[in-house]
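Let me begin by presenting the structure, written as structure tokens, before commenting on it.
It should be emphasised that the depicted structure is a prediction, and the values quoted were computed from it without experimental measurement.
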Amino acid sequence: NALPGAGLFHLDQALRAIQQVSRGTLLHQQLGDLAQRVAHVANAVERALEIRDAVALLHLGGDVDHRLGAHHHVHPGAVRAGNFVVTPISGNARQDADAQGIQQRLDLPQLAHQVVFANDVDVVGRGEFGLHSANDVIQQRLGTLAAKSERVATLARFIATHSNGNPDWAERAARLAKCDLMSQMVQEFPELQGIMGRYYALHDHETAEVAQALEEQYLPRFAGDRLPASATGRTLALADRIDTLVGIFAIGQAPSGAKDPFALRRAALGVLRILIEGQLDLDLEKLLEQAAAAFDPALRTRQAVATVFDFIMERLRGYYLDRDVRPDTFEAVLGCRPVRPLDFDRRIDAVQIFRARPEAASLAAANKRIRNLLKKVDAVLPFEVRPDLLVEEAEQALAGRLVELSSEVLPLMERGLYDEALGRLAALREPVDAFFDQVLVLTEDAALRDNRIALLNELSSLFLRVADFSRLQD
């Protein structure tokens with residue numbers, strides 16, 4: 001009762017030393033039995049102390065019960081004790097009896113039982129994750145879990161640096177992100193991945209937001225699920241998904257038909273939701289390029305960037321259809337190929353608002369007419385408008401109005417204020433209508449023709465800074 005576990009082990013060693021010098025005597029056998037009994041007790045004490053520490057760690061509460069569910073299958077022989085999952089100690093009867101006595105003294109729940117996987121805390125606490133994950137291959141051509149963690153850490157730091165996040169927290173969270181996958185707890189209960197990571201990190205006194213990010217990295221898990229609440233969580237969730245998308249596409253395992261074994265469609269939608277709803281105004285193409293650069297050059301991941309970008313844009317189409325955005329509105333914005341999903345979203349909103357204006361139909365028709373005219377030009381499209389060649393009153397009025405409005409709307413567009421910019425461009429309806437009513441664009445005079453084409457090209461380019469309005473239907 002007086003000796004702690006370490007003291008019992010020292011006693012065991014002393015008894016065995018005495019036993020060595022008493023060979024051939026009755027004392028030798030008696031000391032051997034005593035030493036074995038002391039060893040059993042010492043093991044029981046050590047196990048009980050581990051349980052006590054684990055109980056403090058694994059008093060998880062409702063989030064674990066919620067994820068496991070009321071009818072989750074538990075390993076045979078395991079029982080629940082409050083919020084703990086416990087399973088019987090394996091060993092001989094005498095050792096189990098000794099363990100029971102020790103646990104009684106420590107006032108532990110369920111005598112003669114052990115909290116499942118008490119040693120899992122060491123996976124994080126002793127930094128053993130790298131040793132385990134270095135040999136854990138996630139995909140033969142993509143390498144180990146440790147390699148993925150390195151890539152995601154680099155990308156997470158990049159994202160945090162360009163989104164006003166904390167780069168150190170983002171990198172730290174990425175390096176710890178998959179630690180709990182090495183734990184027996186998560187291997188037994190996969191539903192707890194992320195949750196256990198958070199508890200292990202808190203146990204190791206990691207920053208609260210880093211710990212929170214370990215759970216939030218899996219959000220959103222499905223359509224309509226909540227997004228990560230913390231900046232570090234959003235960064236980690238984004239970096240992990242982008243790394244997966246680039247890697248899997250690079251090895252030729254893109255989804256085909258109904259088959260999507262790596263859940264890449266869901267990953268792509270998660271990327272879009274985090275960027276748009278999480279208000280991260282980041283260049284998706286640059287993120288994909290940054291992720292591709294971290295892979296082994298032999299995989300040729302850089303060649304997969306354009307394909308992954310287009311794949312994600314297709315998921316964006318479904319995202320907006322689910323929000324009742326008209327398909328031609330999406331096509332109009334897609335025609336300009338914005339590379340920042342949050343910017344894409346602002347354009348979508350602006351075009352939807354613009355369509356409700358009385359000037360919208362006329363200006364959309366004018367853009368279609370302009371596009372058709374420009375297609376007929378075989379040479380390089382002229383862009384510079386010469387005022388001295390503006391001979392018709394209607395073309396002079398349109399050119400003057402374009403100069404005035406350009407100085408107003410271009411700064412608005414640079415700031416992403418597309419709705420306000422389009423509202424001002426709506427004032428072009430009358431001069432545009434008058435131009436097409438009174439001016440012959442494809443005149444026989446080559447100088448006048450080129451100048452009028454340049455004027456229309458300038459007008460079209462102004463609208464194309466938001467969307468391709470020629471794609472809008474009635």
Side-chain angles (χ1 to χ4, degrees), residues 63 67 123-124 129-130 133 138 142 144-183 186 190 192-222 225-248 262-264 266-284 286-288 290-295 312 341-342:
D63 51 356
R67 292 301 301 278
V123 171
V124 178
F129 169 62
S133 59
I138 55 174
L142 295 180
T144 64
L145 196 56
K148 179 178 176 65
S149 294
E150 285 293 325
R151 294 194 306 269
V152 174
T154 301
L155 183 58
R157 172 170 281 277
F158 178 85
I159 292 171
T161 301
H162 291 81
S163 61
N164 297 319
N166 187 310
D168 293 334
W169 289 356
E171 181 176 348
R172 179 61 177 167
R175 294 188 184 281
L176 295 177
K178 307 306 178 185
C179 284
D180 61 348
L181 299 185
M182 298 292 101
S183 70
V186 171
L192 297 183
Q193 62 184 7
I195 290 179
M196 293 310 304
R198 172 165 61 88
Y199 278 104
Y200 294 146
L202 290 174
H203 176 268
D204 267 12
H205 308 293
E206 295 288 345
T207 304
E209 185 163 325
V210 169
Q212 183 179 349
L214 300 189
E215 179 175 1
E216 291 180 336
Q217 65 179 302
Y218 298 103
L219 299 177
R221 297 183 184 87
F222 49 85
D225 192 18
R226 63 190 177 94
L227 296 179
S230 68
T232 303
R234 289 189 292 272
T235 296
L236 178 56
L238 186 60
D240 183 68
R241 285 167 170 80
I242 289 176
D243 177 86
T244 297
L245 284 162
V246 171
I248 298 300
F262 298 99
L264 298 185
R266 185 172 63 196
L269 183 58
V271 167
L272 292 168
R273 287 194 60 204
I274 291 169
L275 289 172
I276 295 172
E277 299 171 31
Q279 296 291 297
L280 296 180
D281 198 9
L282 298 172
D283 185 326
L284 177 59
K286 285 186 178 179
L287 294 181
L288 295 173
Q290 186 75 15
F295 283 86
I312 295 177
L342 183 58

Set of residues satisfying side chain to side chain donor-acceptor pair (under 3.5 Å) with respect to [X], sequence neighbours excluded:
| X | result |
| --- | --- |
| Gln217 | Lys178 |
| Thr154 | none |
| Thr232 | Glu209 |
| Gln212 | Glu216 |

Side chain Arg157, main chain Ala153, donor-acceptor under 3.5 Å: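 No; judged by distance alone, with no hydrogens or angles, the pair does not exist.
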Val271/Leu287 under side-chain contact (heavy atoms from CB on, under 4.5 Å): CA gap, chis, key distance, verdict: CA-CA 11 Å; Val271 167; Leu287 294 181; over 6 Å; no
Partners meeting side chain to side chain contact (heavy atoms under 4.5 Å, CB included) with Arg266 (sequence neighbours left out):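 Result, side chain to side chain contact (heavy atoms under 4.5 Å, CB included) vs Arg266: Ala263.
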Distance in Å, [X] [atom1] paired with [Y] [atom2], rounded so as to fall on 0.5 Å steps:
| X | Y | atom1 | atom2 | value |
| --- | --- | --- | --- | --- |
| Asn166 | Glu171 | CG | CD | 10.5 Å |
| Leu192 | Glu215 | CG | CD | 10.0 Å |
| Gln193 | Ser183 | CD | OG | 10.0 Å |

A side-chain contact here means heavy atoms from C-beta on lying under 4.5 Å apart; do [X] and [Y] qualify?
| X | Y | value |
| --- | --- | --- |
| Ser149 | Arg175 | no |
| Tyr218 | Asp240 | no |
| Leu214 | Glu206 | no |
| Leu342 | Leu275 | no |
| Asp225 | Leu219 | yes |
| Leu142 | Lys148 | no |

Identify the two heavy atoms, one from [X] and one from [Y], that lie closest to each other, and give their separation to 0.1 Å.
| X | Y | result |
| --- | --- | --- |
| Gly270 | Pro220 | CA-CG, 4.1 Å |
| Leu245 | Leu264 | CD2-O, 3.6 Å |
| Ile276 | Pro341 | CG1-O, 3.6 Å |
| Ala213 | Leu236 | O-CD2, 3.6 Å |
| Ile274 | Arg234 | CG2-O, 3.9 Å |
| Ala239 | Leu155 | O-CD2, 3.6 Å |

Arg198 vs Asp180, salt bridge (Lys or Arg N to Asp or Glu O under 4.0 Å): CA-CA, chis, key distance, verdict: CA-CA 9 Å; Arg198 172 165 61 88; Asp180 61 348; over 6 Å; no
Those residues that, when tested against Phe158, pass ring pair (Phe, Tyr, Trp, His ring centres under 6.0 Å) (two or more places apart):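 Scan of Phe158 (ring pair (Phe, Tyr, Trp, His ring centres under 6.0 Å), adjacent residues dropped) gives His162.
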Step-by-step side-chain contact (heavy atoms from CB on, under 4.5 Å) determination, Leu238 to Leu282: CA-CA 11 Å; Leu238 186 60; Leu282 298 172; 4.2 Å; yes
Stepwise side-chain contact (heavy atoms from CB on, under 4.5 Å) check, Asp204 with Tyr200: CA-CA 6 Å; Asp204 267 12; Tyr200 294 146; over 6 Å; no
